[in-house]
Amino acid sequence: MPINLLKTFMSKIQVNGKEQEVEVPISLIDLIKKNDVAQPEMVSVQLNGEFVDRGDFNSILVNDNDEVDFLYFMGGGSK
Amino acid sequence: MDFTEDQIQRYSRHIILQDVGVEGQEKISNGKVLIVGAGGLGAPVALYLAAAGVGTIGIIDGDVVDLSNLQRQVIHFTPDVNKAKVLSAKEKINQLNPDVKVVTYYDLLTSSNALDIIKDYDFVVDGTDNFPVKFLINDACVQAGKPFSHGGILRFEGQTITVLPGTACYRCVFHAPPPPNAVPTCSQAGVLGAIAGMLGTIQAAEVLKYLTGVGDLLTNRLLTFNAKTMEFRTIKVKHNHRCAVCGDHPTITELIDYEQAVCEIKNQA
């Protein structure tokens, strides 16, 4: 069912360990945009502890009480 | 192993530590650890492991000390500018603790030398500044069944995870290197010097925990911190069954030399 046909409601979810109030269900890509993730094509996402394939960011929906973690590349160390 | 009186004195704070003791110190003294990169992370790791009396420390780095390194790479001093980093590091380790045997590799870690080098060590520490080598270390260690510590720092942040055979690996979390230049390095975006010490000492502590068998390693957990807020967080991560190197059907069976960011290649020329 297209997202805009689903009944949405305000709910609390956890994003990187912090509570966030959003209208759910919300697609992962919309949640990524809402959180101002700088390079969505670079972020690794866990939804309730399971990795989500980047190709599924548009279709996966975040629901009531879900936990989402955005994990970012960090490359430094030597130079 | 019989410790001399001087060694008992030198390592006394380990020896009186309930979980370590003489037995734990023996394990540390018999330990062989490879540090990849003698830079921001490698410097504190090397100093603390040397002070702890790790028996053999291997250091691989193909770079020379630059004046801009000294803001955070605390194993190198001003007179070391232009000296090979591995040589500069070896000199400090020898002065700090003559018990330690230092093996230096003035070279870059590549797909052709990685397995041959890591095979001699019990544990590998990733202290590199670029994604191609971070993934190379991951893949080589997974294939060789070697435990390792991944570390990354940037600006005010750091992250680290310890990987043992069978636990979530770096590729389980991050899949593949970002395209060259897509994610800035410290030389492009900067890093607060002390962040390197914060993260490097966490990695050093993981090595000592691994060697002595004390405590719970940072496995299946990615530790991240932001020094601006001083908030630390560990995010549970699971071994990914679809992981290209350690998953159920691995597609990576040979080591890969990924393309590096253009500016980094220039720096290495």
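Order of the sequence lines fixes the chain letters, A, B, ..., with proteins taken first and strands second; residue numbering starts at 1 for each chain.
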I'd like to know whether B:K236 forms a side chain to side chain contact (heavy atoms under 4.5 Å, CB included) with A:E67, so could you lay out the CA-CA distance, the side-chain angles of the two residues, the decisive distance to 0.1 Å, and finally the verdict.
CA-CA 11 Å; B:K236 278 186 191 162; A:E67 290 178 18; over 6 Å; no

Over all atoms of both residues, closest heavy-atom pair of A:M42 and B:P178
SD-CB, 3.5 Å

Within a 6.0 Å radius of atom OH on B:Y48, are there more than 12 heavy atoms belonging to other residues, nucleotides or ligands?
no

Within a reach of under 6.0 Å around CG of B:D216, are more than 12 heavy atoms found that belong to other residues, nucleotides or ligands?
no

Rounding to 0.5 Å, atoms CG (A:D53) and CG (B:N240) come to a distance of 7.5 Å

For B:E231, which atoms come within 4.5 Å of any heavy atom of chain A: side chain, backbone, both, or neither?
side chain

For the side-chain contact (heavy atoms from CB on, under 4.5 Å) test, which of B:T224, B:L222, B:I235 pairs with A:D69?
B:I235

Tightest non-hydrogen contact, residues B:Q159 and A:F73, listed as NE2-C, 4.4 Å

Considering all heavy atoms, the nearest B:I153-A:M74 contact:
C-CG, 3.9 Å

Let's go through B:L154 and A:Y72 carefully: what are the C-alpha distance in whole Å and the side-chain angles of both, what is the deciding distance for side chain to side chain contact (heavy atoms under 4.5 Å, CB included) to 0.1 Å, and is it a yes or a no?
CA-CA 11 Å; B:L154 191 65; A:Y72 302 96; over 6 Å; no

Step by step, would you call A:Q46 with B:V237 a side chain to side chain contact (heavy atoms under 4.5 Å, CB included)?
CA-CA 8 Å; A:Q46 276 198 143; B:V237 290; 3.8 Å; yes

Where on B:F131 is there a heavy atom nearer than 4.5 Å to chain A: the side chain, the backbone, both, or neither?
side chain

Heavy-atom pair with the smallest gap, counting every atom of A:F51 and B:R242:
O-NH2, 3.3 Å

Contact part of A:E41 toward chain B, heavy-atom cut-off under 4.5 Å: side chain, backbone, both or neither?
neither

Less than 4.5 Å to any heavy atom of chain A: does that hold for the side chain of B:A176, its backbone, both, or neither?
backbone

